[in-house]
Structure formats: structure tokens, C-alpha cells
Amino acid sequence: MPLKAEVIPNLGAAPTASDIILKFIRESIVDGTLDEGEPIRQDDVARMFNVSKIPVREALKRLEAEGLVAFQRNKGAVVTSVSEPEIVQIFEVRAILESSAIRFSIPNMTEATFERAQAYCDAFAQETNVARWAELNWQFHSCLYEDADRPYLLSMIRSVNDRIERYLRVQLSLSSGQETADREHRQILDLCRKRKVDEAAALIHAHIMRACESLLAHRPKATDKS
């Protein structure tokens, strides 16, 4: 009996040990499990995944390229901290990229897009677990950009969001950020439904920069002692 090639998994596409470790460490940084300045000990990670240090180093080097990890003398890999000027610049880049993405996307949006975005919007508004807010916020935003058919642009937006997601959780939880974001999400979605490209792009830009202002107003200062 001939083998059916369509049911054979593509092992070449399977995630490597480095991919799995990278995902684990990235999520630990984004969700706040690993704090700013905290060392990431390669030996500990290697033991945790029962691998050599080689895939761990590969993962950390890729995270360094993403700006989430830095290598310091006598410390090794540590979780990066982001200064307020850097946060502003990251939000500015995010606002530019996402307002461009929505312009490409709106002409191609379908009713299915609107329904998915509405579902994410409703889930975000009803969620009481602070740890889920940033994830649902990303799902709503990224859903609106997928119809742009610009995978490289969406990848860049994802990378920028990863740099600041840990801070968004602070902003959403220490201010009325969830309520404000929910209101503006619904306004953005309404403009998308009406195909108002310029207005939607302008609101996306303002929405992101207002989140930046709120974050800076509520972010604990480096000199604060707890």
C-alpha cells in the first residue's frame, strides 16, 4: 500500500529546541514573570528543558536581537529595562506602523473580520484577569491588520508590541486603561465598518499615543522603593 504523503508531518517545519526555549523565555518576560534586570541563567534553563546550553544561547541571542535580553559582563543574559524616552519612541513606531496597517487593511475587510474583532472586543471588556488584558488587546488590534496582506508589516508590529507588552499590563491595571481602551476599540471598529480609512488611521494613532501617556503617568519610577 503506498504511503499517503499528505498525512506525514513536515518535520522540517517542527519547532526546534531553540524555538521552544525562545517562546518560553519571551512569554516569561512579556507576562512579567521575569522582571527588568533579572538574570537568565543558561545552566538553569538548560536543565529545565534537559538540553545542552547551545539551544539556550541561540534563543537568548535571538531575544537580544528583539531587544528583550541584553548580555552584561559578569552577569550574562539579563532582561532589558526600557527608559521613558525609549518607551515613547517605541510607542511612536507602533502608532506609525499600526495606522499604516489599518489603511491597507480596511478596503479588504469582510464581515468575518468585523465579527472576529467584535468578539475580541467583547472578551477584552468582560475579562477580569489583568494578565489576559494585554493578550486580548493584541488579538483585537492584530485582527484588524490581517486583511492588509502585509505579513512582514504585521511581524514588525508584533515585535514592537512584544517590547512593551509587559508595560501595557501596568498601564491597563493601574489606570482606567481597560475602560478607555474598550471605548476606543469600539470606535475604531465602527470606523472600520464604515470604511472610513483616514478617520480610523487617525484614531489608531491617537489611541496608541494616549496609552503611552497613560503608561508614563502610572509607571513606577526607577527611584521608587517598595
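Start at 1 with the first residue, then count along the sequence. Being a predicted model, the structure only gives us computed values, none of them experimental.
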[X]: side chain to side chain contact (heavy atoms under 4.5 Å, CB included) partners, not counting sequence neighbours:
X: T33; result: S28, D31
X: S155; result: none
X: N50; result: none
X: A125; result: D182, R186

Do [X] and [Y] make a side-chain contact, defined as non-hydrogen atoms from C-beta onward lying under 4.5 Å apart?
X: E66; Y: R26; value: yes
X: L154; Y: E146; value: yes
X: E111; Y: R193; value: yes
X: V88; Y: E92; value: yes
X: M109; Y: S105; value: yes
X: F104; Y: L153; value: yes

Show, in sequence, the C-alpha distance, side-chain angles and deciding distance for R62 and D19, and conclude whether the side chain to side chain contact (heavy atoms under 4.5 Å, CB included) test is met.
CA-CA 10 Å; R62 290 163 63 187; D19 293 331; 2.9 Å; yes
Using atom types as modelled and distance alone, determine if a side-chain donor or acceptor of [X] lies under 3.5 Å from a backbone N or O of [Y].
X: R150; Y: A148; result: yes
X: Q178; Y: F124; result: yes
X: E184; Y: A181; result: no

Side chains of D122 and Q126: do they bring a donor and an acceptor to under 3.5 Å?
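The answer is no; no qualifying pair exists.
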Linking Ile, Leu, Val, Met, Phe, Trp and Tyr by side-chain heavy atoms under 4.5 Å, what else ends up with I96?
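Cluster partners of I96: none, it stands alone.
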Can you list the other members of the hydrophobic cluster that holds I29, where links are side-chain heavy atoms under 4.5 angstrom apart?
I20, I21, L22, F24, I25, L34, I40, V45, M48, F49, V51, V56, L60, L63, L68, V69, F71, V79
Considering all heavy atoms of both residues, which atom of [X] and which atom of [Y] are nearest to each other, and what is their separation?
X: T110; Y: D147; result: N-OD2, 4.1 Å
X: A17; Y: P55; result: CB-CB, 4.0 Å
X: P39; Y: R41; result: CG-NH2, 3.6 Å
X: E36; Y: S81; result: OE1-CB, 3.3 Å

Start with the C-alpha gap between R94 and I164, add the side-chain angles, then the distance that decides, and say whether side chain to side chain contact (heavy atoms under 4.5 Å, CB included) holds.
CA-CA 10 Å; R94 184 185 161 207; I164 55 173; 4.0 Å; yes
Can you measure from [atom1] ([X]) to [atom2] ([Y]) and round to the nearest 0.5 angstrom?
X: H141; Y: L136; atom1: NE2; atom2: CG; answer: 11.5 Å
X: F91; Y: E98; atom1: CZ; atom2: CD; answer: 10.0 Å
X: I106; Y: T113; atom1: CD1; atom2: OG1; answer: 11.0 Å
X: C192; Y: Q118; atom1: SG; atom2: CD; answer: 11.5 Å
X: W138; Y: N161; atom1: CH2; atom2: CG; answer: 5.0 Å
X: H207; Y: Q187; atom1: NE2; atom2: CD; answer: 10.0 Å

With the 4.5 Å side-chain cut-off for hydrophobic clustering, are V82 and V78 part of the same group?
no
For the pair D190 and K196, find out whether any cationic side-chain nitrogen is under 4.0 Å from an anionic carboxylate oxygen.
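K196 and D190: not salt-bridged.
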Working note: E58 + I54, criterion side chain to side chain contact (heavy atoms under 4.5 Å, CB included); need CA distance, chi angles, decisive distance, verdict.
CA-CA 6 Å; E58 291 174 352; I54 294 174; 3.8 Å; yes
With sequence neighbours left out, what residues match [X] under salt bridge (Lys or Arg N to Asp or Glu O under 4.0 Å)?
X: E127; answer: R132
X: D35; answer: none
X: R158; answer: D162, E165
X: D149; answer: none

Derivation of the salt bridge (charged side-chain N to carboxylate O under 4.0 Å, His left out) call for E179 and R183
CA-CA 6 Å; E179 296 174 12; R183 181 177 66 253; over 6 Å; no
Does E64 form a salt bridge (charged side-chain N to carboxylate O under 4.0 Å, His left out) with K61? I'd like the steps, not just the answer.
CA-CA 5 Å; E64 181 185 32; K61 282 295 185 182; 3.7 Å; yes
Can you run down the salt bridge (Lys or Arg N to Asp or Glu O under 4.0 Å) pairs that involve residues 69-83, sequence neighbours left out, and say none if there aren't any?
none
F140: which residues meet the ring pair (Phe, Tyr, Trp, His ring centres under 6.0 Å) condition with it, sequence neighbours left out?
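H185.
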